[in-house]
Trainee: 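Quick one: structure below, then a few questions.
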4 protein chains.
Amino acid sequence: MARKSIGAQRNPESEKAILTAARELLAEEGLSGFSIEAVARRAHAGKPTIYRWWPDRTRLLLAVYSEFKEGMRSFDTGTLEGDVRAFLTNLFEFWRESPAGPVFKSILAESQSDPEASAAFAEYHHGRAARTAAAFARRGITDADAKLLTEMVVNYAWGQLLANRLDPGDAEIARVAGMLVRGVGR
Amino acid sequence: MARKSIGAQRNPESEKAILTAARELLAEEGLSGFSIEAVARRAHAGKPTIYRWWPDRTRLLLAVYSEFKEGMRSFDTGTLEGDVRAFLTNLFEFWRESPAGPVFKSILAESQSDPEASAAFAEYHHGRAARTAAAFARRGITDADAKLLTEMVVNYAWGQLLANRLDPGDAEIARVAGMLVRGVGR
Amino acid sequence: MARKSIGAQRNPESEKAILTAARELLAEEGLSGFSIEAVARRAHAGKPTIYRWWPDRTRLLLAVYSEFKEGMRSFDTGTLEGDVRAFLTNLFEFWRESPAGPVFKSILAESQSDPEASAAFAEYHHGRAARTAAAFARRGITDADAKLLTEMVVNYAWGQLLANRLDPGDAEIARVAGMLVRGVGR
Amino acid sequence: MARKSIGAQRNPESEKAILTAARELLAEEGLSGFSIEAVARRAHAGKPTIYRWWPDRTRLLLAVYSEFKEGMRSFDTGTLEGDVRAFLTNLFEFWRESPAGPVFKSILAESQSDPEASAAFAEYHHGRAARTAAAFARRGITDADAKLLTEMVVNYAWGQLLANRLDPGDAEIARVAGMLVRGVGR
DNA sequence: ATTTAAACGAGACGGTACGTCACGTCTTAGT
DNA sequence: ACTAAGACGTGACGTACCGTCTCGTTTAAAT
């Protein structure tokens, strides 16, 4: 039995079914199995319903990723170095143990051919980075230093993600955190 | 005028024309403008000629990518921080001013859906990183520090590439280099 | 300007444009100029639209052919010989002066490689022959004789079509009709 | 072991291998399985060897077809009706029990797109018809009647071939022969 | 006896068409 | 207004053959 309209308003069941189908497709078949047609088929949704809410394939990808947003634990270890370590540990664990890793990589790949995806991704990235930088700034470094530190930490994490090295070990993380925090001054 | 067969053997002119067309397309229009059809049109080649030698779009991409292997200048400024700055400056310039940047990004994107592309990319990346680390090690840091430094520098550069920020300015580069070198000790 | 979808239903304009383009191509360039690509180009239609409704080139050919089903005038001259003459005269004129001749020949050619085309053609042929036989039977011959007469008349006509002799002249037609009618008895 | 050149002259083994491969392909797979590539593969011949001796696919088809020229038995039953029956019986048997039927149909199909095939076919057809008419004329009918009779007989046979009804039965053949002979006078 | 000439197999070449897939847009019919 | 459904034009995918071309080999005929 098909889902029907519930009147002049967005049907949350449809949204949920679409996002679920999208997430499962990415997890099961990777980026190449992820197409609007396939999502529509699996979610028993009409293509226009998808396009109405997500302007293109990339935005749907971003939406799937955002669902994981809240999957990450926050951190407050008391020291800057501890925070950096916690951030990295959490992030790698998150990428390893949820479908978030593949999804994130897919977004990155998509961004290379789609300027809008690139912009959307940049915007999302910017927001997250700002929050991370704010967290680091609590430890008494300048905003500029916090931003730079964030950039280095995040770029390091991306590099590991893209190279499929999501389990660097605590020692490696500690070395990286130590190096960056030392570099940022004091 | 038209390229013809030179017998029962691969015609190097065709190969060259196809690789050139592929490289130019990537540089001019990015990954989304890169299709076998478009390459065939620009190279004045038949599609079967391309498929005869490169089994699919990804492999042609990898072939283009291999052509850039030795495109970067070396550096020797006398100090570690100077070397890091030179490395970054050279790399950003190389990415900005040759078709290498777009091609690299395309490979990276493609790697996310194609395991073979991923492996080829990882191998290439590993080799380049080793050479860079060796250059940094000349400045009197341990090999482990040189490797870590390289990783951070390279990941920073990749992050900028992926974010389309290939012209960070000397000041930014100096800040990054300073921070990383300070972090590495001394 | 361009034809668009009219919803989840077949667009009759597209169907018409495709059939028209197909018919014209056959008339202008013959069977060798008739390809799905060429039809799509001329009809300003997408290939998938054609394949959605006609599973292959042969079936599109058959569809064009069916359009001529009712193109022939009937006849009632009062005598059997007159009817045979009228049938042949009409048929040759129809084949000469409409695109039906080339289309019919194309179907026939296609039937030699495609069993489905062959079956469809046989069915069509059978129906037409039955109606022609019924017309002849009005002149007081047995049904068996009417069928045989029809078969001979039609095969003669096909032979002339295949041999590109569509204008045999009234005298030749009279000779053929006379011979066949005499043969059928009385 | 491959066939080699035997010097600056046509290698009859190659010619034979090519014609055999072509005939077998037509018999086994019909016109749609008949391609220069397939013939070359089966005959272990190079494509240029084929194109050297037969300018195109159609001419190779015609060459295969000519091989059957003399495959038919002659007839002399003593009566005109007997001769017509014998002609038809022989012809249907020939078409049924040799690869000639499929080959003839293929030629016919090809003739619809290739004017040269059409001309060659017409010429062959004309010659055979003349000989058949001469045989009929021995029974004391005028040349004009013999030609007309031949035309009707042959067109009937072609009709049966094209409709895949190559085994009409003796009774049907007798009816046809009787009708035509009666029509021709006497 | 050596050279020349042409046929041979092989297979690459630039093309055209095939039939399939997904894109993003559009309209319908129903809730 | 929003839904599922599905048609539309576009254009790339990877494959099959087309007819042409050149390669390197082989061998008979002409020197």
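For the numbers below, each heavy atom of this structure counts, side chains included, while hydrogens, waters and symmetry mates do not. A note on names: the letters A, B, ... follow the listed sequences, proteins ahead of strands, and every chain is numbered from 1.
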Trainee: Using whole Å, what does the distance between atom P of nucleotide F:dC18 and atom CG of D:Leu31 come to?
Mentor: 11 Å
Trainee: With heavy-atom distances below 4.5 Å as the criterion, would you say the side chains of C:Leu61 and C:Leu31 are in contact?
Mentor: yes
Trainee: Whole-Å distance between F:dT3 C1' and A:Glu15 CD?
Mentor: 14 Å
Trainee: OP1, OP2 of E:dC13 versus side-chain N and O of B:Arg3: anything below 4.0 Å?
Mentor: no
Trainee: With sequence neighbours left out, what residues match B:Arg52 under salt bridge (charged side-chain N to carboxylate O under 4.0 Å, His left out)?
Mentor: none
Trainee: Strictly under 4.0 angstrom, non-hydrogen atoms only: write out the protein contact profile of nucleotides 22-31 of chain E, one letter per nucleotide from the 5' end, B, S or -.
Mentor: BBBBBBS-BB
Trainee: State which residues pass ring-ring contact (aromatic ring centres under 6.0 Å, His included) with B:Tyr51; sequence neighbours excluded, sorted by chain then number.
Mentor: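 B:Tyr51: no ring-ring contact (aromatic ring centres under 6.0 Å, His included) contacts found.
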Trainee: In terms of the angle between their ring planes, are A:Phe104 and A:Tyr65 parallel, tilted or perpendicular, with boundaries placed at 30° and 60°?
Mentor: parallel
Trainee: Rounded to the Å, how far apart are D:Arg42 CZ and F:dC17 C1'?
Mentor: 18 Å
Trainee: Using whole Å, report how far CD1 of D:Ile18 lies from C1' of E:dA10.
Mentor: 14 Å
Trainee: Please enumerate all residues that pass salt bridge (charged side-chain N to carboxylate O under 4.0 Å, His left out) together with C:Glu13, with sequence neighbours excluded.
Mentor: none
Trainee: Separation of C:Arg10 atom CZ from F:dG9 atom P, in whole Å?
Mentor: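 Atom CZ in C:Arg10 sits about 12 Å away from atom P in F:dG9.
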Trainee: Give a yes/no on whether any side-chain N or O of D:Thr49 is located under 4.0 angstrom from OP1 or OP2 of E:dA7.
Mentor: no
Trainee: Whole Å only: how far is the CZ atom of B:Arg59 from the P atom of F:dC13?
Mentor: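 My rounded result for the distance is 16 Å.
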Trainee: Given atom CD1 of C:Ile50 and atom P of F:dA7, what is their separation to the nearest angstrom?
Mentor: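 About 15 Å, once rounded to whole Å.
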Trainee: Going by the side chain to side chain donor-acceptor pair (under 3.5 Å) test, which pairs reach into residues 19-28 of chain A, not counting sequence neighbours?
Mentor: A:Arg23-A:Glu67, A:Glu24-A:Arg42, A:Glu28-A:Arg42
Trainee: Think C:Ser14 has a side-chain N or O under 4.0 angstrom from the OP1 or OP2 of F:dA7?
Mentor: no
Trainee: Determine which pairs satisfy side chain to side chain donor-acceptor pair (under 3.5 Å) with at least one residue from residues 29-39 of chain C, sequence neighbours left out, and list them in order.
Mentor: C:Glu37-C:Lys47
Trainee: Does a nitrogen or oxygen in the side chain of C:His44 sit under 4.0 Å from OP1 or OP2 of F:dT10?
Mentor: yes
Trainee: Can you work out whether C:Ser32 or D:Ala43 has the more 5'-proximal nearest nucleotide on DNA chain E?
Mentor: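 It is D:Ala43 whose nearest nucleotide is closer to the 5' end.
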Trainee: Any side-chain N or O of A:Trp53 under 4.0 Å from OP1/OP2 of F:dA1?
Mentor: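 No, A:Trp53 has no side-chain N/O under 4.0 Å of OP1/OP2 on F:dA1.
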Trainee: Does the side chain of A:Arg52 get closer than 4.0 angstrom to OP1 or OP2 of F:dC2 through an N or O atom?
Mentor: no
